[in-house]
Amino acid sequence: MSELKTPVVVVNFKAYAEVDGIKAVELAKVCEEVAKETGVSIAVCPPVAELGAVARAVSIPVLSQNIDPRKPGSATGWMTPSMVNAAGAVGSLINHSEHRFQDEDIEQCVSMCRELSMVPLVCAESVDKAKRVAAFSPDFIAVEPPELIGGDISVTSANPRIVSDTVDTVKSVDPKVKVLCGAGVKTGEDVRKAIELGAEGVLLASGVVKSKDPKKTLMDLVSGL
Ligand code: G3P
C-alpha cells in the first residue's frame, strides 16, 4: 500500500532498543493488526537498518526516518531517497528534531521525494519553521515542540496553540499541505484533541514503542479518531 490516507497515526520507532533487529518487524505487525482491525490509517517509521525487513513483512505504509539529499552513486554512508524507496519506503520523515537539516536541504529532499513519487513528511519545531517549509509544498508537516518530545504531556494539552496556529499558517501558504502534530501524544484523548485543533493526524513514538502493551495503547490512540 503506498498511500498515506488521513487521518493518520504515524508511529516513529526512532532508535529505541525496544525495536532493535526483529523486534521492529514484530512492532510493525502489531501496528498492521490494529490498522486492519479498526480501518484506521497507521504508518510506521522503523529504524533504517530494518526498513527493508519491515516493508517486506507488512502491508501498511512504511516511511524512512530520514533521507539525505544525495543522488545514487559516490555517497558512502548517506541515505539516498532512491535506496530507501527501493527498500520499500513509500515516504520519509525529513528534518526530525533529532536529525535537523538546513532549509535548502529540506527543499531538496522534498523535491527528490516528488521525483520518486514518495511522500515527504517534514517536521518543524515551531510555527515559523512550519511556515518556511510549507513553501516547499511537502505532503505533510508535523509540528513538534522539541521540549515536549519523549515526555508525558501531550503537545495538545501543553501547547494547543502551536497546533492550531501551525494549521492556520501552513494552510495560508499551501492549503494542500496536511498538518500533523506530535510530542508526548500517548492517548486517544490526545489524538481526539489533535483533530479538534485542525491536525489531520499525529506523529508519535515513545507512547507506543515503550508501551508494555503496544496493541492496547494503539487501540486507545486510534479510538480518538
Ligand atoms: O517523531 C515523533 C516524536 O518526535 C515524538 O516523540 O516520544 O514524544 O511521541 P514522542
Side-chain angles (χ1 to χ4, degrees), residues 4 6-20 23-24 27-28 30-31 34 41-48 50-51 54 60-67 79 84 89 91-101 106 109 119-127 129-130 133 138-160 162-163 166 178-195 197 199-214 216-222 224-225:
L4 217 55
T6 50
V8 63
V9 173
V10 182
V11 184
N12 177 9
F13 294 7
K14 298 200 174 180
Y16 286 119
E18 283 84 348
V19 290
D20 275 353
K23 290 180 279 184
L27 182 59
V30 173
C31 295
V34 174
S41 172
I42 301 179
V44 292
C45 311
V48 177
E50 301 303 327
L51 191 58
V54 168
I60 54 174
V62 177
L63 308 186
S64 180
Q65 292 183 11
N66 180 48
I67 44 172
M79 298 238 305
V84 300
S92 183
L93 304 185
I94 296 165
N95 190 51
H96 190 276
S97 261
E98 293 149 14
H99 206 124
R100 286 212 184 129
F101 280 180
I106 297 172
C109 286
V119 175
L121 192 170
V122 178
C123 299
E125 69 277 17
S126 64
V127 180
K129 181 73 174 185
V133 298
D139 290 26
F140 290 90
I141 291 177
V143 64
E144 299 196 317
E147 68 280 8
L148 298 173
I149 290 179
D152 286 325
I153 303 169
S154 169
V155 60
T156 53
S157 311
N159 192 355
I162 198 174
V163 181
T166 301
K178 299 181 180 88
V179 175
L180 309 180
C181 65
V185 173
K186 288 188 164 60
T187 68
E189 177 55 21
D190 299 338
V191 174
R192 192 194 59 72
K193 226 165 157 199
I195 301 296
L197 292 164
E200 291 181 67
V202 293
L203 172 62
L204 62 97
S206 53
V208 168
V209 180
K210 296 184 87 64
S211 169
K212 287 201 170 62
D213 187 343
K216 194 171 164 205
T217 302
L218 273 163
M219 289 301 268
D220 176 41
L221 280 161
V222 303
L225 290 173

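Just so it is clear, the model here is predicted, and its values are computed rather than measured. As the structure lists them, so they are numbered: ligands from 1, and atoms in each ligand from 1. Throughout, residue positions are numbered sequentially from 1 according to the sequence presented.
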message = Could you measure the distance from the CG atom of L121 to the CD1 atom of I94? Nearest 0.5 Å is fine.
response = 8.0 Å

message = Could you tell me if the side chain of H96 sits less than 4.5 Å from the side chain of E144, heavy atoms only?
response = yes

task = Determine, step by step, whether C181 and L197 satisfy the side chain to side chain contact (heavy atoms under 4.5 Å, CB included) criterion, reporting the C-alpha distance in whole Å, the side-chain angles of both residues, the deciding distance to 0.1 Å, and the verdict.
result = CA-CA 10 Å; C181 65; L197 292 164; over 6 Å; no

key: Set of residues that line ligand 1, where lining means a heavy atom lies under 4.0 Å from it   = N12, K14, H96, E144, I149, G150, A183, G184, L203, L204, A205, S206

note = By side-chain contact (heavy atoms from CB on, under 4.5 Å), P7 pairs with (sequence neighbours left out) I195, L225

query = When you check the side-chain N and O atoms of T187 and D190, is any donor under 3.5 Å from an acceptor?
reply = yes

message = Please find the pair of heavy atoms, one from N95 and one from K129, that lie closest to each other, and give the distance.
response = ND2-CE, 3.6 Å

